[in-house]
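Computed from heavy atoms alone, side chains included, the values below leave out hydrogens, waters and symmetry copies. Both ligands and their constituent atoms are indexed starting at 1 by order of listing.
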Amino acid sequence: MIGKLNHVGVATPSIEESVKLYRDILGATSIGEKFVMEEQGVWVCFVNLPNSQIELIEPYGETSPVRAFLEKNPKGGQHHVCFEVENIEAARDDLVAKGAAVLNGGKPRIGAHGVPVIFVHPKDMGGVLVELMETPTSHP
Ligand SMILES: C[C@@H](C(=O)O)C(=O)SCCNC(=O)CCNC(=O)[C@H](O)C(C)(C)COP(=O)(O)OP(=O)(O)OC[C@H]1O[C@@H](n2cnc3c(N)ncnc32)[C@H](O)[C@@H]1OP(=O)(O)O
Ligand SMILES: [Co+2]
């Protein structure tokens, strides 16, 4: 069912500080502007790589889903992996039928690429928070 790895989410207490690591230490040359995703409760900034992206995420608002993660991991860390799927509802239905816990009641939200996304609880994915997003080109 899953297709390309779209991005790896990295939680950070400061996008500005993380950008310095990817730019100055690892030499990333294409880094986008920081923007807010209010509904998702995060600030987002993409580090663009030839074959994928690192999605830097910083909490936005009191109810941000990243807050608890940063309390446990104050310096930040790898937070989720995101795979592309052709159809988000079909993917969701398939996962639910297989007994996986799809977060937000299984209701897709619009993600940072402007396409619907869902998340699978890490307890059902061997400790890895998995995001699925509809392939951008397959979406009108
Ligand atoms: C913009 C968008 C995009 O790309 O388009 C994004 O990515 S937004 C990315 C940010 N948005 C999201 O993450 C939305 C989905 N995430 C969530 O709803 C939440 O963060 C949960 C994954 C349900 C975790 O919530 P919460 O911390 O309250 O934990 P919980 O009580 O349900 O479960 C706790 C157990 O899960 C573990 N746990 C929590 N976050 C984890 C993570 N990121 N990776 C691996 N394990 C994780 C805890 O250590 C704990 O393990 P133990 O029980 O062993 O101690
Ligand atoms: Co993401």
Side-chain angles (χ1 to χ4, degrees):
M1 174 180 66
I2 57 170
K4 284 185 184 168
L5 172 69
N6 182 276
H7 63 266
V8 175
V10 172
T12 170
S14 163
I15 282 180
E16 284 76 11
E17 290 304 313
S18 287
V19 162
K20 289 182 197 164
L21 301 178
Y22 286 86
R23 187 189 57 209
D24 301 340
I25 296 184
L26 292 178
T29 53
S30 172
I31 300 182
E33 294 294 322
K34 170 179 169 174
F35 60 96
V36 76
M37 299 281 311
E38 274 191 47
E39 199 197 3
Q40 307 269 6
V42 286
W43 288 97
V44 178
C45 175
F46 283 111
V47 178
N48 301 306
L49 310 174
N51 67 336
S52 195
Q53 290 176 306
I54 301 298
E55 180 185 62
L56 300 174
I57 49 176
E58 183 186 315
Y60 170 85
E62 288 310 310
T63 56
S64 173
V66 191
R67 259 187 213 289
F69 183 89
L70 284 178
E71 274 162 25
K72 272 197 174 176
N73 309 276
K75 292 190 171 170
Q78 205 170 300
H79 183 263
H80 64 271
V81 292
C82 178
F83 302 106
E84 295 181 9
V85 295
E86 266 179 38
N87 181 297
I88 202 80
E89 278 89 10
R92 186 260 328 272
D93 293 348
D94 185 49
L95 286 162
V96 170
K98 289 171 179 166
V102 181
L103 295 163
N104 194 38
K107 196 169 165 282
R109 287 193 174 126
I110 298 302
H113 295 81
V115 294
V117 305
I118 56 172
F119 287 86
V120 186
H121 199 289
K123 76 179 164 60
D124 290 336
M125 284 305 307
V128 177
L129 175 60
V130 170
E131 177 182 359
L132 299 180
M133 67 178 261
E134 219 162 83
T135 305
T137 49
S138 74
H139 204 255

Could you check [atom] against the protein and tell me its nearest heavy-atom contact, residue, atom and distance included?
{"atom": "atom 26 (P) of ligand 1", "value": "A68 CB, 4.6 Å"}
{"atom": "atom 40 (N) of ligand 1", "value": "F69 CD1, 4.1 Å"}
{"atom": "atom 15 (C) of ligand 1", "value": "F119 CG, 3.7 Å"}
{"atom": "atom 39 (C) of ligand 1", "value": "P122 CG, 4.4 Å"}
{"atom": "atom 35 (C) of ligand 1", "value": "H121 CE1, 4.4 Å"}

Is K20 paired with E17 through a side-chain N to carboxylate O contact shorter than 4.0 Å?
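Yes, charged N to carboxylate O under 4.0 Å.
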By number and element, which atoms of ligand 1 are closer than 4.0 Å to a non-hydrogen atom of [X]?
{"X": "G127", "value": "45 (C), 46 (N)"}
{"X": "G111", "value": "5 (O)"}
{"X": "L103", "value": "15 (C), 16 (N), 17 (C), 18 (O), 22 (C), 23 (C)"}

C82 heavy atom under 4.0 Å from ligand 1
no
Mind checking whether [X] contacts ligand 1 via backbone (N, CA, C, O), side chain (CB onward), both or neither, at a 4.0 Å heavy-atom cut-off?
{"X": "E55", "answer": "side chain"}
{"X": "H7", "answer": "side chain"}
{"X": "P65", "answer": "both"}

Just checking M125: does its CE atom have more than 12 heavy atoms from other residues, nucleotides or ligands closer to it than 6.0 angstrom?
no
For [atom], decide whether some protein heavy-atom distance is shorter than 4.0 Å.
{"atom": "atom 46 (N) of ligand 1", "value": "yes"}
{"atom": "atom 5 (O) of ligand 1", "value": "yes"}
{"atom": "atom 24 (C) of ligand 1", "value": "no"}
{"atom": "atom 29 (O) of ligand 1", "value": "no"}
{"atom": "atom 13 (O) of ligand 1", "value": "yes"}
{"atom": "atom 53 (O) of ligand 1", "value": "no"}

Could you tell me whether the side chain of [X] and the main chain of [Y] form a donor-acceptor pair under 3.5 Å?
{"X": "Q40", "Y": "I110", "answer": "yes"}
{"X": "N87", "Y": "E89", "answer": "yes"}
{"X": "S64", "Y": "G41", "answer": "yes"}
{"X": "E134", "Y": "I88", "answer": "yes"}
{"X": "N104", "Y": "K107", "answer": "yes"}

Closest [X] atom to the Co ion (ligand 2) [N, O or S only]:
{"X": "H80", "result": "NE2"}
{"X": "E131", "result": "OE1"}
{"X": "E55", "result": "OE1"}

[Y] versus [X], side-chain donor and acceptor atoms under 3.5 Å:
{"X": "E55", "Y": "H80", "result": "yes"}
{"X": "H7", "Y": "Q53", "result": "no"}
{"X": "H113", "Y": "E84", "result": "no"}

Minimal non-hydrogen separation, [X] against [Y], with atom names:
{"X": "I15", "Y": "E58", "value": "N-OE1, 2.7 Å"}
{"X": "P59", "Y": "T12", "value": "CD-O, 3.8 Å"}
{"X": "F69", "Y": "G77", "value": "CE2-O, 3.9 Å"}

Describe, in one word, how the ring planes of F46 and F35 are oriented to each other, choosing from parallel (under 30°), tilted (30 to 60°) and perpendicular (over 60°).
tilted
With a cut-off of 2.8 Å, does C82 place any N/O/S atom under that distance from the Co ion (ligand 2)?
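Checking C82: none of its N, O or S atoms is under 2.8 Å.
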Using a 4.5 Å cut-off on heavy atoms from C-beta on, say whether the side chain of I54 contacts that of Y22.
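Side chain of Y22 against side chain of I54, heavy atoms only: contact under 4.5 Å found.
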Is there at least one pair of N or O atoms, one from A112 and one from ligand 1, spaced under 3.5 Å apart?
yes
Looking only at distances, can you tell me whether any N or O atom of H79, backbone or side chain, sits closer than 3.5 Å to an N or O atom of ligand 1?
yes
Minimum distance, heavy atoms only, to atom 9 (C) of ligand 1: which one of H80, E71, R67 is it?
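Shortest heavy-atom distance from atom 9 (C) of ligand 1: H80.
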Which option, K123, Q53, K72, owns the non-hydrogen atom nearest atom 50 (C) of ligand 1?
K72
